[in-house]
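Before any comments, here is the structure.
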Protein chains: 2
Amino acid sequence: MAARRAASTTADAGDNPVGPGSGPHAPTARTSGPAGPGTRAPNIRSQVSLALREALIIGRIQPGRSVTLRGLAEELGTSPMPVREAIRGLAAENALDVSVSGRVAVPRMTDRKFGEILDARMLLEPQVAVLALPFLGKADVRRLQALDDEIDASLGNGDVEAYMRLNHAFHFAIYEAAGSEVLLPLVESVWLQFGPFMRMVYGRVGTRMLVDHHKQAIAAIGARDAAALRAAIRADIAEGMQLIGEGIGAAGTT
Amino acid sequence: MAARRAASTTADAGDNPVGPGSGPHAPTARTSGPAGPGTRAPNIRSQVSLALREALIIGRIQPGRSVTLRGLAEELGTSPMPVREAIRGLAAENALDVSVSGRVAVPRMTDRKFGEILDARMLLEPQVAVLALPFLGKADVRRLQALDDEIDASLGNGDVEAYMRLNHAFHFAIYEAAGSEVLLPLVESVWLQFGPFMRMVYGRVGTRMLVDHHKQAIAAIGARDAAALRAAIRADIAEGMQLIGEGIGAAGTT
DNA sequence: TGAAGGGATTTGTGATCACTTAATTGCAGC
DNA sequence: GCTGCAATTAAGTGATCACAAATCCCTTCA
């Protein structure tokens with residue numbers, strides 16, 4: 001990350017898409033060493049899984065990109081073993097695609113799958129937001145406003161990756177307040193599935209014409225208006241996904 | 001060991017809950033040998049995962065029951081390795097609970113979790129059913145009727161395990177027709193989460209007072225009536241879950 | 001009789017290895 | 001120059017091992 005990555009146009013190979021920006025051979029798998037006494041030294045698998053999840057949600061890995069055990073292991077400075085389990089977990093969430101021969105890749109988008117994702121988001125996310133509403137206080141409203149300001153800034157300077165990360169943070173700052181053990185993982189699974197595609201489309205068409213409904217959502221939360229919050233989330237999903245959906249024909253099944 | 005293990009009534013250890021009913025040392029992990037030429041010899045992990053999924057959906061494993069890698073591996077006649085990956089996948093779907101120390105167990109039910117599962121089912125399943133409606137023909141209706149007859153029979157003779165299996169088969173015979181890549185896995189994940197608890201409740205209160213709305217659903221499918229199908233599924237979920245929900249206080253967090 | 005301590009066992013984790021199969025590449029033949 | 005085949009490489013899979021941590025059980029002492 002020190003030096004910005006050279007633009008690579010090859011679709012199926014290239015430099016490391018995952019990893020928080022540190023060098024490829026940085027000892028990410030650090031369990032020993034002077035970790036904080038409060039931190040319980042999470043296992044390597046969790047770190048791999050987290051890195052992969054973020055890479056998918058941010059869209060740092062392109063759809064169709066193949067993910068190899070040994071490659072990812074070397075990239076993260078560990079053995080293939082934790083990667084295997086992490087990949088297995090992501091595959092169970094349909095965030096990664098395992099072919100019949102066992103090869104693992106980021107799934108490509110299809111128009112029907114896109115429609116299903118839109119359906120799932122429209123069903124789940126407004127409901128989760130409404131469930132979260134009673135738990136959202138003034139501090140949360142301020143935090144959401146700050147996030148939305150950052151989002152506007154990222155849209156202004158065309159930083160797609162920052163937008164992806166911040167948009168996810170905004171939505172899940174709302175959803176997580178519900179403390180949902182069942183619904184939230186379902187929403188996460190859906191986001192993992194459309195993240196890479198969303199990123200690819202934004203990378204091509206840009207984020208300039210993107211209109212979100214975050215301010216309406218913030219206002220609804222501040223007013224404790226469940227109906228307005230539901231409507232804002234619905235509108236946000238509908239408009240955002242419509243913009244992305246237009247990219248399917250151009251870039252979807254490539 | 002060859003003989004059946006003595007029946008143990010302790011909640012946290014005992015005989016094999018998983019496995020298709022064959023002997024504990026049946027060579028489930030058969031990759032060599034004269035397999036059919038068409039079958040591509042699915043890997044052991046898939047078999048382990050399938051066995052676990054069925055055990056959870058049927059409710060053959062009790063909530064709170066701990067699942068150990070080596071134990072399950074020996075039970076299925078394989079090494080711990082495929083079990084590890086299968087468990088990791090199930091854990092990613094929230095079908096299994098991994099404690100901070102890494103111990104794996106079937107999650108226990110809580111009232112709030114139960115409410116969320118009800119929410120998720122009410123949101124997803126009617127929608128999936130309606131999406132499947134255009135793909136359901138007369139042959140499917142006959143198949144559903146046959147399944148429902150079997151369900152009635154299982155209710156009559158109090159065969160809880162058969163009921164669990166058949167009820168799942170009935171619902172997913174409808175849902176799977178939609179060919180959904182996104183929504184169906186979400187529904188599956190939810191079923192995996194309440195299967196063990198449902199089974200436990202039915203095992204205690206019996207299935208006698210159970211009323212389903214399968215016949216209305218079949219009629220709605222036959223009439224191609226989306227609204228009626230949606231209503232039937234909603235009613236089926238609501239009534240079934242209400243009966244189960246009454247068991248939370250008695251047996252939920254034990 | 002109860003609790004606390006310690007040792008033995010269990011269990012998950014990460015690494016490595018051997019094996020099989022699927023891609024890929026290179027080469028020969030047409 | 002293109003096609004088809006074969007050798008090579010790459011990659012997933014299952015097994016085994018070493019290790020650390022957690023759990024369990026048994027002993028011992030108050």
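The basis for the numbers below is simple: all heavy atoms, side chains too, and nothing from hydrogens, waters or symmetry mates. Each chain gets a letter, A, B and so on, in the order the sequences are listed, and its residues count up from 1.
- Among the nucleotides C/dA15, C/dT11, D/dT13, the one closest to the side chain of A/Met81 is C/dA15.
- Atom CD1 of A/Ile87 is separated from atom C1' of C/dG14 by 16 Å (rounded to the nearest Å).
- Taking atom CG on B/Leu72 and atom P on D/dA15, their separation rounds to 13 Å, with Å as the unit.
- Protein atom CZ of A/Arg103 is 17 Å distant from nucleotide atom P of C/dT20, rounded to whole Å.
- Between the side chain of A/Arg84 and the base of D/dG14, at least one donor-acceptor pair of N or O atoms lies under 3.5 Å.
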Using the rule given for side-chain contact (heavy atoms from CB on, under 4.5 Å), can you reason through A/Glu188 versus A/Arg53, listing the C-alpha separation, both sets of side-chain angles and the distance that settles it, and then say yes or no? CA-CA 10 Å; A/Glu188 266 267 335; A/Arg53 294 182 88 89; 3.2 Å; yes
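- Atom-to-atom, CD of B/Glu74 to P of C/dT10 comes out at 11 Å; the value is rounded to the nearest Å.
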Could you walk me through whether B/Glu54 and B/Arg60 satisfy the salt bridge (Lys or Arg N to Asp or Glu O under 4.0 Å) test, starting with their C-alpha distance in whole Å, then the side-chain angles of each, then the deciding distance to 0.1 Å, before giving a yes or no? CA-CA 8 Å; B/Glu54 188 186 334; B/Arg60 208 178 291 132; 3.5 Å; yes
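- Taking atom CG on A/Asn43 and atom C1' on D/dA20, their separation rounds to 13 Å, with Å as the unit.
- Within the 4.0 angstrom heavy-atom criterion, no nucleotide atom of any strand lies near A/Val100.
- A close approach under 4.0 Å does occur between a side-chain nitrogen or oxygen of A/Ser79 and OP1 or OP2 of C/dA15.
- The side chain of B/Glu85 lies closest to D/dT13, out of D/dA11, C/dG14, D/dT13.
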Step-by-step side-chain contact (heavy atoms from CB on, under 4.5 Å) determination, B/Arg84 to A/Met81: CA-CA 11 Å; B/Arg84 273 166 76 169; A/Met81 183 58 62; 3.5 Å; yes
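- Residue-to-nucleotide proximity on DNA chain C shows that, of A/Pro82 and A/Ser99, the 5′-proximal contact is made by A/Pro82.
- Between B/Arg70 and D/dC17, a side-chain N or O to OP1/OP2 separation shorter than 4.0 Å is absent.
- Between the CG atom of B/Leu96 and the CD atom of B/Gln193 there is a distance of 10.0 Å, given to the nearest 0.5 Å.
- Within 4.0 Å (heavy atoms only), B/Val83 reaches no atom of the nucleic acid at all.
- Ring centers of A/Phe194 and A/Phe197: at least 6.0 Å apart, outside the cut-off.
- Atom CD of A/Glu75 and atom P of D/dA11 are 13 Å apart (whole Å).
- You won't find any donor-acceptor pair under 3.5 Å spanning the side chain of A/Arg45 and the base of C/dG12, going by distance alone.
- The separation between B/Leu69 atom CG and C/dG14 atom P is 12 Å, rounded to whole Å.
- Look at B/Thr78 and you won't find any side-chain N or O under 4.0 angstrom from OP1 or OP2 of D/dG14.
- Between B/Ser101 and C/dG12, a side-chain N or O to OP1/OP2 separation shorter than 4.0 Å is absent.
- To the nearest angstrom, C1' of D/dA15 lies 10 Å from CD1 of B/Ile44.
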